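Have a look at the structure below, then the notes.
Bear in mind the structure is a predicted one, so any value in this text is a computation, not a measurement.
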Amino acid sequence: MNIPEKLIELRRIMNRENIAAYIISGTDPHNSEYLPAPWQQRKWISGFTGSYGTVVVTKNEAGLWTDTRYFIQAEKELAGSGIKLHKLRIPGAVDYPQWLAEVLEPGNKVGIDGFCMSVSDVRNLKNVLGPKNITIQEQIDLLGEMWFDRPALPMEKITRLETKYVGESAGERIDKIREFIRDHRGDAMLFSCLDEIAWLYNIRCNDIAYNPVAISYAIVEKDKAHLFIKLDKISQEIALQLAADGIELHDYHHLFLFLDEQKKENVYFADTNTCNYAVFNHLAKKFEVREIESPIPLLKAVKNATELEGFRLACRKDGVALSKFYYWLENRLLQQPVTELEAAEQLTRFRSRDKEYVSDSFGCISAYGPNAALPHYSATPEQQSEIQPKGLYLVDSGAQYMHGTTDVTRTMPLGELTELEKEDYTLVLKGMIDLSMLYFPKGSKGCNIDIVARLPLYMNLRNFGHGTGHGVGYFLNVHEGPQSIRPDLKNQEILPGMVTSNEPGLYREGLHGIRHENLIVCRPKAVNEFGEFYQFETITLCYFDTSALLTKLLNQDEIDWLNAYNERVYQEVSPYLEEQERVWLRNKTKAI
């Protein structure tokens, strides 16, 4: 079936079930950003491949709600589908609950899959639709009836990370959760986010492309810990290791059976921002459930010394692979053009030469010229460009190593540039450097410092529509919270040990896109009569090409930072390069 045919069939089922609207949330039972194959419902029903968005289908209309990162991409992917793009995070934006309240009639029913929407999202939906006498019909998977070749649950085997990689045993991490449970006077806490469970039990898997997590649930009690997972994924050796850490195994589909057997006097904790609605309802039928934010996101965001050393090592390995890649690209373009996919595949090959490389950390954004104006562009064999020895080429990529996750973007000049390209390139880099050099007081949140990266753009009447920085997991998801650097308030201060991206950008549709990205670690700076201050350590090691700069737009401090950074890249990366590559990198990192 093509997309219009799928919508016709879905509407037929909706009519039979007397449902006026159906919501496809675009997530899974674990609130994942990137989805396992069985839960890629949004992509299946709409053709939209972005990582954020909600599809709503009514009897007469269908829409996709997504944010500024995907506007251009969504317009292209939705063309001819019968699904309209609704833009979020812009002035006057109307989100789908408000839209449904406007287009539906009193007495209508809205269908949802309760396993694929969080408690907070469903409550918000009810709060908006309830006053209009529009009701929610929960726990219905209408797509399952028409998606005949829907993939089964992945059955990849799990692995465990040794303490030498993570610095803490699973037992030590479980003890932290038990202390949290005791302090808040509860008996148990349920976890459903896959990266939280991976961190807690020091397990990794390949159930989701790029994110080394296993589809599972976890429950920690005062004296026991439980993992709910497809048991065929666990080897005997891993089962013994988990048992040694006091972790009992249960089948993934037996969560409700387990809960039904527990004492009804137990007090359970659940994070309603991430716990799916169906699981929460089952808990609430029997137990007293207290809604509380999971402590794990903050615990795993503040990396320990072992993890930080692993990050630095991963970034150095990445620096070697990136230097080899850009050397290869520059020389290859002297002979013939290179396609965007060919370049991305070559970069992966350079990274995969390392014995502790596991996978890329997300789909490489290999975008030449106007394609880079789409912040989350994805080349395909059918739609891609040839890279030419002119203009700008943006590569946003990363890798999963056993000891760290990387995420790095460089926009490289490949030949002659326009004055506008040079100006945009310089202003974006200026903002990234300014944030890199920042000292800031303890207690600062991401929104307090975001302006530093945007100011050079603001002062030239320019801006970008995405956040400046996101947290990065340790051999985990490349996007993680709770911290972020963006204009809107997120009530989490930046703390020492947090690894965050620093990636301002600028996008001109039909012309070019520019983004410069490094990973930065928050570290203490000084304590004086004015309080405690922090700074950032830049850990990414990939040169910035200075040939595209308009140096008149940089002040001396920014030039000094850039020269010192490029010199550091040369000193740390060059020992691992071939002689001709070293000579080339020496030239690329010369002081300006």
Side-chain angles (χ1 to χ4, degrees), residues 47-50 69-77 79-80 209-210 318 321-353 360-399 407-425 428-429 503 505-517 542-549 580-581 584-585 587-588:
F48 173 65
T49 60
R69 294 171 295 173
Y70 296 111
F71 289 168
I72 302 172
Q73 175 183 338
E75 291 279 13
K76 291 183 177 181
E77 292 180 338
Y210 310 119
D318 239 31
L322 287 161
S323 294
K324 288 179 174 291
F325 167 71
Y326 286 118
Y327 173 80
W328 169 86
L329 179 64
E330 192 171 293
N331 283 280
R332 182 68 177 272
L333 288 175
L334 295 175
Q335 305 164 30
Q336 63 187 73
V338 178
T339 67
E340 291 168 330
L341 282 181
E342 183 184 359
E345 290 163 0
Q346 183 63 43
L347 177 53
T348 295
R349 280 193 285 271
F350 280 125
R351 283 189 165 116
S352 64
R353 291 176 181 177
D360 287 356
S361 56
F362 55 96
C364 177
I365 301 171
S366 172
Y368 176 65
N371 292 340
L374 285 71
H376 283 244
Y377 170 77
S378 180
T380 66
E382 299 75 27
Q383 285 193 316
Q384 61 173 321
S385 295
E386 283 192 340
I387 303 167
Q388 305 284 344
K390 61 181 179 179
L392 294 170
Y393 171 50
L394 184 152
V395 182
D396 186 347
S397 67
D407 183 3
V408 51
T409 307
R410 288 294 182 268
T411 306
M412 292 297 187
L414 299 180
E416 185 179 350
L417 300 181
T418 66
E419 195 71 7
L420 182 61
E421 286 172 327
K422 291 181 179 180
E423 191 173 292
D424 287 346
Y425 180 100
V428 175
L429 184 55
E503 50 179 313
L506 191 153
Y507 310 95
R508 295 185 185 272
E509 186 174 354
L511 292 177
H512 59 261
I514 295 163
R515 188 162 62 254
H516 302 303
E517 178 187 18
C542 180
Y543 74 96
F544 288 103
D545 196 312
T546 57
S547 68
L549 290 172
Q580 67 272 26
E581 295 167 336
W584 170 87
L585 184 61
N587 183 60
K588 291 292 183 182

Which heavy-atom pair separates [X] from [Y] by the least distance, and what is that distance?
| X | Y | value |
| --- | --- | --- |
| G513 | L394 | O-CD1, 3.8 Å |
| I365 | H376 | CD1-CA, 3.9 Å |
| I387 | A343 | CD1-CB, 3.9 Å |
| F48 | A74 | CE1-CB, 3.9 Å |
| L374 | P370 | CD1-O, 4.2 Å |

Please state whether the rings of Y393 and F325 are parallel, tilted or perpendicular, taking 30° and 60° as the class boundaries.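 Judged by the thresholds at 30° and 60°, the geometry between Y393 and F325 is tilted.
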
Does [X] [atom1] have over 12 foreign heavy atoms under 6.0 Å away?
| X | atom1 | result |
| --- | --- | --- |
| E386 | CD | yes |
| Q383 | CD | no |
| E416 | CD | no |

Backbone of [Y] reached by a side-chain donor or acceptor of [X] within 3.5 Å:
| X | Y | result |
| --- | --- | --- |
| R515 | D396 | no |
| E340 | A379 | no |
| H516 | Y425 | yes |

Looking at side-chain heavy atoms only, is the closest gap between [X] and [Y] below 4.5 Å?
| X | Y | answer |
| --- | --- | --- |
| Q346 | R332 | no |
| S397 | V408 | yes |
| D318 | R351 | yes |
| K588 | Y326 | no |
| L322 | L347 | yes |
| L329 | M412 | no |

In Å, rounded to the nearest 0.5 Å, how long is the span from [atom1] of [X] to [atom2] of [Y]?
| X | Y | atom1 | atom2 | result |
| --- | --- | --- | --- | --- |
| T411 | L429 | OG1 | CG | 9.5 Å |
| Y543 | L585 | OH | CG | 7.5 Å |
| H512 | L392 | NE2 | CG | 6.5 Å |
| K390 | L333 | NZ | CG | 12.0 Å |
| Q388 | Y368 | CD | OH | 5.5 Å |
| D424 | Y507 | CG | OH | 11.5 Å |

Is it true that [Y] and [X] share a donor-acceptor pair across their side chains at a distance under 3.5 Å?
| X | Y | answer |
| --- | --- | --- |
| Q73 | S378 | no |
| Y377 | S366 | no |
| E581 | S323 | no |

